[in-house]
Amino acid sequence: MTFNPLRERGIPLDKQIRNWRELNVMPIDPDHADPYTRCRVIAMNGIETEAIFFSHHLARHCPSIDIKQQLARVRYIEAQQQKVVNWLLPGVASVLETTIAYEQVAVDLTAWVARMEPDPYLKQAYQFGVLEDFDHLYRYSNLYEMIEHRKAEKIVDNLTEIMPGRPTPLHHRDPMDNVRDPYDRSTAAPISKLHALTIMAAEQQTMNFYMNVGPTYMEPIARQLYQEIGLIEEEHVTHYESLVDPGESWWEMLLNHEYNECYLYHSFMETESDPKVKNIWELHLNMELEHLRLAAELFKTHDGRDPEQVLAPELPAPVTFEPNKDYIRELLATQIDYTTLGTGYVQEAHERFERMQEQIMGGEPAPSQVAMQENVHKSGEEYRLETEGLHPVPSLRRR
Ligand SMILES: [Fe+2]
Ligand SMILES: [Fe+2]
Ligand SMILES: [Fe+2]
Ligand SMILES: [Fe+2]
């Protein structure tokens with residue numbers, strides 16, 4: 001069944017405001033919820049956060065009071081949506097448990113996007129990035145075992161493996177080398193634009209989360225690991241945001257944002273296992289249809305083009321959270337030693353990379369290495385969750 005969000009009717013904007021009772025959603029069950037329901041919640045929170053900040057940036061560039069008022073009205077609804085979505089997370093989960101879920105999102109969402117992306121340069125960007133978040137999952141899981149004495153399989157539930165990826169200390173590149181070439185807005189497939197926005201928003205929320213929760217820890221190693229991985233998420237945001245064509249007008253960007261929100265709520269509505277959460281995805285989809293209609297009006301008036309010229313004629317196949325174990329194992333076996341040089345990828349440690357490494361390490365091991373050593377010391381061996389056999393890279397097998 002095809003679904004063209006430009007042709008569907010949503011909820012009128014003045015009917016979208018919810019009262020306290022409606023905003024006060026019941027969180028998902030911390031022990032029995034589908035881990036991929038939690039992943040959808042985390043991903044969608046990133047999307048709504050981006051919707052809010054994008055709209056603020058647009059408003060700050062906007063001289064027209066009428067448009068600013070309309071942006072403020074829609075943005076208030078985005079803010080309510082963000083509250084409802086993020087408040088589905090249960091308060092009993094620790095920050096580290098939520099962190100592990102964030103990295104599970106990064107792994108399985110980016111891997112899915114990499115598999116579906118038609119453009120080879122963009123696909124490479126996702127394949128490159130996913131091996132790093134895969135390693136973050138492994139490092140945080142070891143920190144979790146060390147300071148909370150629990151195992152991360154209770155969070156990821158065997159859907160995602162936990163083992164070494166591209167080693168975290170090697171993610172610290174010269175910032176110049178994190179900038180990729182953008183797609184071309186006039187020739188890129190609509191799905192490519194949606195993928196780039198989705199992963200950019202997810203990584204940005206991850207960066208924001210780590211920069212805020214990192215200093216709430218008492219344990220020095222936890223504080224340090226959040227600093228280290230927080231800086232890598234800055235690199236990831238740079239990497240993914242640079243894929244988006246900066247030649248898109250503000251109105252085209254707004255249109256793409258609202259369309260992407262429709263796409264993701266529709267995707268999650270189609271794939272959600274928890275009926276109560278599914279109802280929220282459906283309600284929010286019906287709100288987004290109206291946001292999209294309003295953005296389409298602004299686009300027609302100020303960009304002078306027809307939205308059908310830049311958007312997909314129907315929604316692409318739904319974004320799906322599912323295991324990507326074989327795909328990630330294949331990437332581990334073939335791309336683990338990649339780094340970036342300029343806007344491309346290389347397999348050798350070049351001069352600029354070495355210089356950055358020297359500067360940031362200051363002759364000492366990185367927090368991500370210390371965390372592993374400390375956990376081996378405390379727990380007897382490092383934590384892994386290898387459900388599909390030995391690590392595909394022989395040198396990274398358990399000794
Ligand atoms: Fe929204
Ligand atoms: Fe990460
Ligand atoms: Fe990341
Ligand atoms: Fe929206």
Side-chain angles (χ1 to χ4, degrees), residues 5 10-11 13 16 18 42-56 58 70-86 98-111 126 128-141 143 160 162 165-168 171-172 197-199 201-211 214 225-237 239-240 253-266 268 280-281 283-296 298 368:
I11 300 171
L13 198 59
Q16 292 196 9
R18 280 173 277 184
I42 290 170
M44 215 59 228
N45 177 51
I47 297 296
E48 287 298 350
T49 303
E50 167 63 19
I52 294 165
F53 285 114
F54 173 76
S55 171
H56 277 298
L58 171 50
Q70 186 187 312
L71 289 173
R73 291 178 71 212
V74 175
R75 189 170 62 243
Y76 189 83
I77 304 301
E78 309 287 12
Q80 285 207 334
Q81 290 176 319
Q82 186 275 334
K83 300 297 168 288
V84 165
V85 170
N86 207 25
T98 305
T99 297
I100 289 167
Y102 265 66
E103 294 293 352
Q104 184 179 29
V105 171
V107 168
D108 282 322
L109 186 61
T110 314
Y126 302 120
F128 179 80
V130 76
L131 289 188
E132 303 198 333
D133 290 313
F134 188 70
D135 199 72
H136 298 168
L137 177 61
Y138 161 70
R139 308 278 166 165
Y140 279 130
S141 298
L143 182 68
T160 310
I162 301 177
R166 179 175 307 119
T168 292
H171 304 175
H172 305 290
L197 268 186
T198 299
I199 302 298
E203 293 287 337
Q204 174 177 261
Q205 173 53 28
T206 306
M207 175 183 78
N208 288 340
F209 184 63
Y210 298 166
M211 60 168 82
L225 187 63
Y226 275 92
Q227 266 196 351
E228 182 181 9
I229 297 183
L231 280 168
I232 297 162
E233 303 305 349
E234 156 61 28
E235 298 190 81
H236 287 176
V237 177
H239 173 79
Y240 293 119
M253 288 192 277
L254 178 64
L255 191 66
N256 286 338
H257 274 78
E258 297 294 5
Y259 191 94
N260 196 40
E261 286 188 272
C262 292
Y263 173 43
L264 290 173
Y265 279 127
H266 187 268
F268 292 175
I280 293 174
W281 304 147
L283 173 65
H284 286 196
L285 169 62
N286 285 313
M287 295 176 168
E288 298 298 348
L289 291 170
E290 179 68 358
H291 301 180
L292 179 66
R293 190 188 67 77
L294 293 166
L298 288 172
S368 55

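Whatever order the structure lists ligands and atoms in, that order sets their numbers, starting from 1.
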- Query: Side-chain contact, heavy-atom cut-off 4.5 Å: F134 with E103?
  - Reply: no
- Would you mind reporting whether E48 and E261 have side-chain heavy atoms less than 4.5 Å apart? yes
- Query: Any chance the rings of H171 and H136 have centres within less than 6.0 Å?
  - Reply: yes
- Query: So, for Y226 and Y140, is the gap between ring centers shorter than 6.0 Å?
  - Reply: yes
- Looking at D133, the N/O/S atom that lies nearest to the Fe ion (ligand 2) is called OD1
- Any idea which N/O/S atom from E233 gets closest to the Fe ion (ligand 2)? OE2
- the Fe ion (ligand 4) to nearest N/O/S of H291 less than 2.8 Å: yes
- Task: Could you check which N/O/S atom of E78 is closest to the Fe ion (ligand 1)?
- Result: OE1
- Message: With carbon and hydrogen excluded and only N/O/S kept, which atom of E261 is nearest the Fe ion (ligand 1)?
- Response: OE2
- Give a yes or no answer on whether the side chain of D133 reaches the backbone of A106 with a donor-acceptor pair at less than 3.5 Å. no
- Item | Y126 and Y240 aromatic ring geometry - parallel, tilted or perpendicular at 30°/60° bounds | parallel
- Message: Students often mix this up, so state it plainly: with edges at 30° and 60°, are the rings of W281 and Y265 parallel, tilted or perpendicular?
- Response: tilted
- Message: Looking at the Fe ion (ligand 2), is there an N, O or S atom belonging to E132 that lies under 2.8 Å away from it?
- Response: no
- N/O/S atom of H136 inside 2.8 Å of the Fe ion (ligand 2), strictly under: yes
- N/O/S atom name from E258 that is nearest to the position of the Fe ion (ligand 4): OE1
- Item | E288, N/O/S atom nearest the Fe ion (ligand 4) | OE1
- Has Q81 got an N/O/S atom less than 2.8 Å from the Fe ion (ligand 1)? yes
